[in-house]
Amino acid sequence: MKTSSLLCCLLSFFLLACEEEFFTPQVNVDPEFQPYLDTYIAEATKRRVEVPIEEKGLTLVFDDTPSGANGVCYGVREGITSEHRIHISQSNWKDMSEAYREFLIFHEMGHCYEYRRHTSDTLSNRDWKSMMRGRSPIGFGYRSINYTGTRREYYVDELFDPDVAPPDWASWTRDYNTIAETEKTLLAERKNPTTFSRSFNWADNYEIEIEFPVTDDLLRSVVGFAWGNFSEEESLRFALSTFNLFISDNVTGYGNLHAFESYNGLRLGQSGKLTVQKIGDYFWYFVNEKFVYWTDVVPLVTQRVMLVNLGGTIDRITVKNLPN
């Protein structure tokens, strides 16, 4: 019995030693991803979080991903002995903005090194609670995480500490009438437009607004406006599509930043109004003069305003300068 026990112990030690010898952590990072990985490590260090890449190993390369996925992390269980592997879709990567590329690498590293799972939790203003966002809740509307400007710091904090306090900006709001009509300067106006496209040289604050009848036609049409460059890929958009409200940012590559499925702030038989006011560093969005959302101002290629009108009726569009 003693001999048998000794042999079992020796065999167990041998197998354990072989396993440890067999696994040698390797680090293989495509140079394309190194700047974003460096930023991730720097952000972790600022928050006194260690990223044990040399200990755990890391493969971060272009490779196949599941259908529809920009990236995927393999090896997300805490305490595993195999290296962490992240695959990024090369075809999708080439079309991403710098901001979205950083978000994607942070998200996948959050899986692999913070052992974070997807979450569908949201903040009080209906923004995602975490950059580890998962499926949209019912009625939430499909949209990306708004990982831009003011919001970025919170999302990086939350990535490394899921218990971080909710951000102050989640409760920001603004009164439509903070700036009186007498303080606004009309730059352009068109009544009953079917098309509208104008360029302006705006160094100051401004307002874009459309008015339209709320009818059954909105169940089959799109009304709204875009500003920035002429192409959809380089513009911001505020539009109503089949009574779903969308605020989109294609400049930084995020797509829909905010969405309301079956938006209930409009009533059949009444007038509707969509407004964006650019005040300093922020855009403020209103429906029928009621605040619904805000975003950071992003660099625009041009200051062109365009009408978005697919089968709808628009009573008026105006563009105004606002005081600084």
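In this structure, Thr242 contributes its side chain and Arg220 its backbone to no donor-acceptor pair below 3.5 Å. Checking side-chain atoms of His87 against main-chain N and O of Asp64 turns up a donor-acceptor pair under 3.5 Å. A donor-acceptor pair under 3.5 Å is formed between the side chain of Asp296 and the backbone N or O of Thr150. Without hydrogens or angle criteria, Lys129 side chain to Pro166 main chain gives no donor-acceptor distance under 3.5 Å. Asp30 contributes no side-chain N or O that, together with a main-chain N or O of Leu60, makes up a donor-acceptor pair within less than 3.5 Å.
Note that the CG atom of Leu307 and the CZ atom of Arg198 stand 13.0 Å from one another [nearest 0.5 Å]. Note that CG of Leu37 and CD of Glu102 are 11.5 Å apart. Values are rounded to the nearest 0.5 Å. Rounding to the nearest 0.5 Å places CZ of Arg48 at 13.5 Å from CG of Asp161. A distance of 4.5 Å separates CZ of Arg174 from CD1 of Ile279, quoted to the nearest 0.5 Å. How far CD1 of Ile247 is from CG of Leu257: 8.0 Å, rounded to the nearest 0.5 Å. Separation of atoms CG (Leu104) and CZ (Phe33) is listed at 8.0 Å; rounding is to 0.5 Å.
Arg151 has a carboxylate O that lies under 4.0 Å from a charged side-chain N of Asp127, or vice versa, which qualifies the two as a salt bridge. By the 4.0 Å N-to-carboxylate-O rule, Arg304 lies too far from Glu234 to be salt-bridged with it. Taking 4.0 Å as the cut-off between side-chain N and carboxylate O, Glu43 and Arg152 count as a salt-bridged pair.
By the salt bridge (charged side-chain N to carboxylate O under 4.0 Å, His left out) test, Glu289 pairs with Lys273, sequence neighbours left out. Checked against ring-ring contact (aromatic ring centres under 6.0 Å, His included), Tyr100 has the following partners two or more places apart in sequence or in another chain: Phe103, Tyr254. The ring-ring contact (aromatic ring centres under 6.0 Å, His included) check on Tyr206 picks up Trp202, with sequence neighbours excluded. The ring-ring contact (aromatic ring centres under 6.0 Å, His included) check on Tyr40 picks up Phe106, Phe160, with sequence neighbours excluded. Under the rule for a side chain to side chain donor-acceptor pair (under 3.5 Å), the partners of Trp93 that lie at least two apart in sequence or sit in another chain are Glu32.
The closest side-chain heavy-atom distance from His107 to Met132 is below 4.5 Å. For the pair Arg47 and Leu159, the minimum side-chain heavy-atom distance is 4.5 Å or more. Between Val214 and Phe212, some side-chain heavy-atom pair lies under the 4.5 Å cut-off. You'll find the side chain of Arg116 stays beyond 4.5 Å of the side chain of Met131, heavy atoms only. Using a 4.5 Å heavy-atom cutoff, the side chains of Lys56 and Cys112 are not in contact. Side-chain contact between Asn205 and Ile179 is absent, with no heavy-atom pair separated by less than 4.5 Å. Side-chain contact between Tyr263 and Val292: present, with at least one pair of heavy atoms (C-beta onward) separated by less than 4.5 Å. The shortest distance between side-chain heavy atoms of Glu207 and Thr275 falls below 4.5 Å.
Remark: aromatic rings of His118 and His111 are close, center separation under 6.0 Å. Here Trp169 and Tyr282 keep their ring centres 6.0 angstrom or further from each other.
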Review point. Are Val49 and Tyr113 close enough, and set up right, to give a side-chain contact (heavy atoms from CB on, under 4.5 Å), and what steps lead you there?
Key: CA-CA 10 Å; Val49 174; Tyr113 283 90; over 6 Å; no
Exercise for review: Please lay out, stage by stage, how Asp249 and Asn146 fare under the test side-chain contact (heavy atoms from CB on, under 4.5 Å).
Suggested key: CA-CA 9 Å; Asp249 173 7; Asn146 189 349; 5.8 Å; no
Practice item. Please step through ring-ring contact (aromatic ring centres under 6.0 Å, His included) for the pair Trp284 and Phe286, ending with a clear verdict. Key: CA-CA 7 Å; Trp284 304 88; Phe286 304 86; 7.7 Å; no
Practice item. Take Thr295 and Tyr285 through the side chain to side chain donor-acceptor pair (under 3.5 Å) test and state the conclusion after the steps. Key: CA-CA 8 Å; Thr295 63; Tyr285 301 82; 3.1 Å; yes
Check your understanding: After noting the C-alpha distance and the side-chain angles of Tyr176 and Gln277, does the key distance pass the side chain to side chain donor-acceptor pair (under 3.5 Å) rule?
Key -> CA-CA 9 Å; Tyr176 174 90; Gln277 295 179 349; 5.2 Å; no
Check your understanding: Hey, mind stepping through Val308 and Ile210 against side-chain contact (heavy atoms from CB on, under 4.5 Å) and telling me if it holds?
Key -> CA-CA 10 Å; Val308 177; Ile210 66 165; over 6 Å; no
Practice item. Go through the steps to decide whether Thr65 and Asp63 satisfy the test side-chain contact (heavy atoms from CB on, under 4.5 Å), and finish with yes or no. Key: CA-CA 6 Å; Thr65 61; Asp63 209 326; over 6 Å; no
Donor-acceptor pairs are to be reported for all side-chain atoms of residues 186-195 against protein atoms at under 3.5 Å, with residues two or more places apart or in another chain.
| residue | atom | partner | partner atom | Å |
| --- | --- | --- | --- | --- |
| Glu189 | OE2 | Arg316 | NH1 | 2.9 |
| Arg190 | NH1 | Thr195 | O | 3.1 |

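Under the ring-ring contact (aromatic ring centres under 6.0 Å, His included) test applied with Phe283, the options Trp294, Phe238, Tyr293, Trp227 reduce to a single match, Trp227.
In this structure, Tyr147 and Tyr155 have tilted ring planes: the angle between them lies in the 30° to 60° band.
Counted by atom type alone, Asn70 and Asn92 present one or more donor-acceptor pairs between their side chains at under 3.5 Å. Residues Ser271 and Glu211 bring no donor and acceptor atom of their side chains to less than 3.5 Å of each other.
A single hydrophobic cluster is seen to contain both Ile41 and Met109, as judged by linkage of ILVMFWY side chains at heavy-atom distances under 4.5 Å, directly or through other members. One hydrophobic cluster, built from ILVMFWY side chains closer than 4.5 Å, cannot hold both Val298 and Val301; they sit in different ones.
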